[in-house]
A.B. asks: 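Here it is: the structure, laid out below.
Quick note on labels: first sequence line is chain A, next is B, and so on, each numbered from 1.
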Amino acid sequence: MSTGDSPEVLPSLMKAISSDEVAGFDSIKELDDVNDIFKSIGHLPSSSAIQAIEEVAVEGQNDFSVSQMMHSVSINLPPSPVEAQLLSNKKVLFRDNYGKKLCTDIPDSATTSQGNSAQGRMTRFYSQPMPKGSAFTEAIPCGKSPNQTDLPIRNPKIDRLKDKRFDSFKTWSGKLERQISNLRGNNRESEQDSEGQKPGEFETLPVDRYFDALEGPELETLRASEEILLPEDKQWPFLLRYPISSFGICLGVSGQAIMWRTLASSSSTKFLHVSPYINLVLWCISLALMAIVTIIYSLKVIFYVEAVRREYYHPIRVNFFFAPWITLLFLAIGVPPSVSQNLHTSLWYILMTPIFFLELKIYGQWMSGGQRRLSKVANPSNHLSVVGNFVGALLGASMGLKEGPIFFFAVGLAHYTVLFVTLYQRLPTNETLPKELHPVFFLFVAAPSVASMAWARIQGSFDYGSRIAYFIALFLYFSLAVRVNFFRGFKFSLAWWAYTFPMTGAAIATIRYSDVVTNTLTKSLTIVLCAVSTLIVSTLLVTTIIQAFVLGNLFPNDIAIAISVRRPKSRRWYHRRAGSSDAKDIDQYLKYIDSDGGKDIEASLTTANSNNQEVSSVDLKDVRNNHCHNMPLP
Amino acid sequence: METQKSQPEIQLAVSTDEPSATSTTPTAHSLSTTTPVHRSLSLSPILTRIHAGYFRITLSLSCQALLCKILLQPNNHNSGITFHVSQFLYSTILNILWSFAFCILVLFSVLYALRCFFRFNLVKKEFLHHVGVNYLFAPWISWLLLLESSPFVSPKHNFFIIFWWVFALPVLILDIKIYGQWFTKGKRILTAVANPTSQLSVIGNLVGSRAAAKMGWREVSVFLFSLGIVHYLVLFVTLYQRLSGGDRIPAMLRPVFFLFFAAPSMASLAWYSISGSFDTGSKMLFFLSLFLFTSLICRPGLFKKAMRKFSIAWWAYSYPITMLALASTRYAQEVNGGIPHAIRLILSALSVLVLFALLVFTALNTKMLLPDDDPILVPSLPILSLRTE
């Protein structure tokens, strides 16, 4: 059994094994290899060295080498790299603290290859290239051991934080974090880490990569043929899992605040006797929520700027970058009278400036073509980019400004027309529209309803223009509501909160309309729409709470930002000593992985097939090449 | 321009009903298709190479004359927009500018008329080209603008009316032909031929509408306006969608992107003339064009390729800015305030600057004025059919 036990809570990545089997082997970066190297050189790894090795080793690599951990029994490697790949991708928990679990997962192959472990390690791994710039790599040829001095005892949480694999997503590849932790006095890391680090090697992800790698109405699910850069089986740091769509919660709640304020103050709903305190309470809640979400996301920007960049390049998530500003605008619109009567106009300018610049960027992208042109990336979430204009116009007109609101209304109207036509067309070149209905479609209702309110404010009365816009909104709402059957079977995601504000907006527009045209029909319509909106928000709240506390899955691993820059080429199938029969098994196995409810069966099948051919070809080559020589350690 | 060594017929894959004399002897005096009226042998290459895109120059000049007229008008009662120039200075500047524009326009018109007469096949090829066809509007627009900005013809004058008809009628005819093709003809439907220069047709309608409104002909004016606006809507959406993906126009023609904000500015001006005041509709159109202008200015990389070599397409920078400056003038007139006036000043200064710069560049690069590889003349751009990507 293992001798080199690390302190209890540490994940015992490596159990020290007897060192004899070392011989020469390929220098793929595996922790056990390191261990063996040291043994061959003659160092007996102390427990601290093991920890150091574990730390130093893997940065920004993919799962493969990580999974080559040493486990309790005499296996230090899974018997074949094929299986290692397989297992690592199939979410088997390698990174469990206790090696026992692993044993149970690979029962037979492990034991059968036990005797051959030495030979196994001698197999040539036509592996992925060594990740560049890790101190580990440099350590090996130099024969240096990483700094073994004074490593404090860590617990798994900090350990996760310091997991090197997430460094490439961190700001300045983790240097910032090290600076901060150095400042705090935990000088744990040696200089070798920093010199080994390469600055984030991410180039700009073209939008095609997102379309190729992801699928689903929110482009969140990974296609079967794709790999991601971060380990799938492990829970990522919280900040990495925190998507920008969480601003949608604030959107939804602040919309509700506005609705209850309008209900309380509008003349046509006086008969309901709604208390203005509801507005106050909701407003304070949404203010608090906004503060919390902003702080968390700012932390993410500070610490994981690479992840934020990738969200920005995501064709759907980019629209959510408008959400914070729209929420602030909502908060300003819905401010309770008891808090403030008149907001200063400079606030409007301050709030609209980021929206303006974001718009310049995104609409310019639509127009100038290239890979992010509208016909390619149009999706219902683009409404979020356009709605901001109307909300700003509404707020400005409420504050009494004249020209600014008209400016934004004009810009919003022009671009909304384009977007509306494009989405209605459902062009075949457009890949992101879900074939079935998804709650995101409710965003269609957002723009006309807010536009009608804004126009009413600008003109001073709910005139024909506003009515036209309002009726369009109403029609779209009903058109979607009668199809409620199709809104089924979707996985809950935080972005759903953002899809509630259109319904709230339609309700508010109805209230305004019923102010002008007061009769039973409009009043009942008001009540119905407000009730529906409140109901949906409450349901969503309950669902969110259940997800958060009961299922613990409110923030799942954010796969969408971790896609690889290049499409994974044929997965290089490593040579298997035991012949190619296992390769076939693996192919069979691969066919049924990750099928995502059958939507992607085709993709997985075709990839598996192509991989199959590649397997056989590479296999033969490997077989021939393998027995030629043993590659010594570099 | 006297000695043209290379004969253009070789570069262009055009029909060769010209005698080959021009292709062999550089000093060929007699071209059998050209009558001996032309004393200079160099006319033939000019006729061959000049195309409707050259009217960009005249467009810019006429537009600038109009801007000058409006900006410097001392008898305009709105004190907000006049600079304090004396009457004499004002009329001098305007006269000089207008005469210059007039001469250039006459020159180009004559040249182009000759080209129609003698090289009609080339003109036809232009008509069939998806970019060239839109520039067929350019001469008429220039004439209309020049008419409007003329210092001695007032809009109510009969002279004005007659000339308006002379210039607006071809616009209408072209409209019927081209717009009809957009939604009926198989190979030349909108999705296949849409490109930023198509907005010139819209501008043509709007200029005609504005001139008609100045004359007091309300119905005609609204007619032309609605025609222009409706097609602008369709075009705007189509162009924004960028169905074709990569450019339908070569990189050298990128300056025509400025047309994106020329059309709404002109629409704003036309609506101003129709409704009598710069009301919300005009404001919205003006703001839209302002936004698009800002958006394009912030993307210099878009124009980098086109700026490497001087070409006649560079003149496409000038008149949109001038049109925007015109609209901003009307806006500042309506909404008095620091910012509108600042915008107006900046834009007017910019338009004058750009015009001068272009004049200088053109003067320095006369050799390049008639290049061999002008994209409009080379009919190698296929009309792409709609394909899924």
A.B. asks: Once the angle between the rings of A:Tyr424 and A:Phe420 is folded into 0 to 90°, is it parallel (under 30°), tilted (30 to 60°) or perpendicular (over 60°)?
C.D. replies: tilted
A.B. asks: Counting only non-hydrogen atoms closer than 4.5 Å, does A:Leu413 touch chain B with its backbone (N, CA, C, O), its side chain (CB onward), both, or neither?
C.D. replies: side chain
A.B. asks: Any side-chain donor paired with an acceptor under 3.5 Å for A:Ser381 and A:Asn319?
C.D. replies: no
A.B. asks: Which answer fits B:Phe260, side chain, backbone, both or neither, if we ask what part of it has an atom under 4.5 Å from a heavy atom of chain A?
C.D. replies: side chain
A.B. asks: Tell me, for B:Leu233 versus chain A, whether the close heavy atoms (under 4.5 Å) come from the side chain, the backbone, both or neither.
C.D. replies: side chain
A.B. asks: Does the ring of A:Phe462 carry A:Arg467 above it, NZ/CZ under 6.0 angstrom from centre and within 45° of its axis?
C.D. replies: no
A.B. asks: Would you mind writing out the side-chain donor-acceptor pairs for residues 394-411 of chain A within the sub-3.5 Å range, not counting sequence neighbours?
C.D. replies:
unit_1: A:Ser398; atom_1: OG; unit_2: A:Leu394; atom_2: O; d: 2.6
unit_1: A:Glu403; atom_1: OE1; unit_2: B:Tyr331; atom_2: OH; d: 2.7
unit_1: A:Glu403; atom_1: OE2; unit_2: B:Lys283; atom_2: NZ; d: 3.1

